[in-house]
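These notes are about the structure you will find just below.
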Amino acid sequence: MKCQKCDKPATFHITDLTAGEPQSIHLCPNCAKGFLQPDEPADSAPKITGVITKQFKLGQTARDLAELDERQCPVCGVSFFEFRQSGRLGCPHDYEHFAEELRPLFHNVHGATQHTGKHPRRGNPNTSGQTELIKLRREMKEAVDREKYELASTIRDRIKSIEGGVRP
């Protein structure tokens, strides 16, 4: 199939629903870029952070959003504000800690809130060990920042024993 604008091979098949009836448009990559981003420079792409920010601003007052932004994961310490800015969570525990806030986002983006896809064949299905390591590393960093070096060395030894597979 050829592009409807320039007769190059069409690799983008877009269905536009804005005019009331569905309209199919067949475009090459260059024409599709111009069609999808008419007012933006060619090198800019929509960022997930914008989608996340827009999703969470809906239906929330500024005060509610400020309170939510201050919440932090007790394991890795990532705040909800950091998640909204970067689009990345800090550890597996964040999915549980921010579950209520993430559920509408997941439903909007994926159409569901339960994972139905593939799982890794290798690896540990239990993430509690990884979560504990993340928590211990954060505690060790805080101990060093507070200049409590004995506590930091004890935590370091605990981390090494967990990473080595030996429980103290």
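Remember, it's a predicted structure, so these values are computed and weren't measured experimentally.
For Glu139, the side-chain contact (heavy atoms from CB on, under 4.5 Å) partners at least two apart in sequence or on another chain are Lys135, Leu136, Ile155. The side-chain hydrogen bond (donor to acceptor under 3.5 Å, both in side chains) test applied to Gln4 returns no partner, not counting sequence neighbours. Applying the ring-ring contact (aromatic ring centres under 6.0 Å, His included) test to His97 and every residue at least two apart in sequence or in another chain returns nothing. Qualifying side-chain contact (heavy atoms from CB on, under 4.5 Å) partners for Lys2, counting only residues two or more places apart in sequence or in other chains: Asp7. The salt bridge (Lys or Arg N to Asp or Glu O under 4.0 Å) search around Glu142 returns Arg138, not counting sequence neighbours. With sequence neighbours excluded, the residues that form a side-chain contact (heavy atoms from CB on, under 4.5 Å) with Tyr149 are Val144, Glu147.
Remark: the backbone N or O of Thr154 is not paired with any side-chain donor or acceptor of Asp157 at under 3.5 angstrom.
Under a hydrophobic-cluster definition in which Ile, Leu, Val, Met, Phe, Trp and Tyr are linked whenever side-chain heavy atoms come within less than 4.5 Å, directly or via other members, Ile159 and Leu151 are assigned to the same cluster. Both Met140 and Leu133 are members of a single hydrophobic cluster when ILVMFWY side chains are connected at heavy-atom separations under 4.5 Å.
Residues Ile134 and Gly90 come closest through the heavy atom pair CD1-O, 4.4 Å. A pairwise comparison of heavy atoms in Leu27 and Cys3 identifies CA-SG, 3.7 Å as the closest pair. Across all non-hydrogen atoms, the minimal contact from Lys5 to Cys31 is CB-SG, 3.8 Å. Scanning all heavy atoms of the two residues, the minimum distance from Leu102 to Leu89 falls at CD1-CD1, 4.0 Å. Nearest heavy atom pair, residue Phe98 against residue Val78, reads CZ-O, 3.9 Å.
Atom CD in Glu132 sits 11.0 Å away from atom CZ in Arg137 (nearest 0.5 Å). In this structure, Glu82 CD and Asp69 CG are separated by 10.0 Å, a value rounded to the nearest 0.5 Å.
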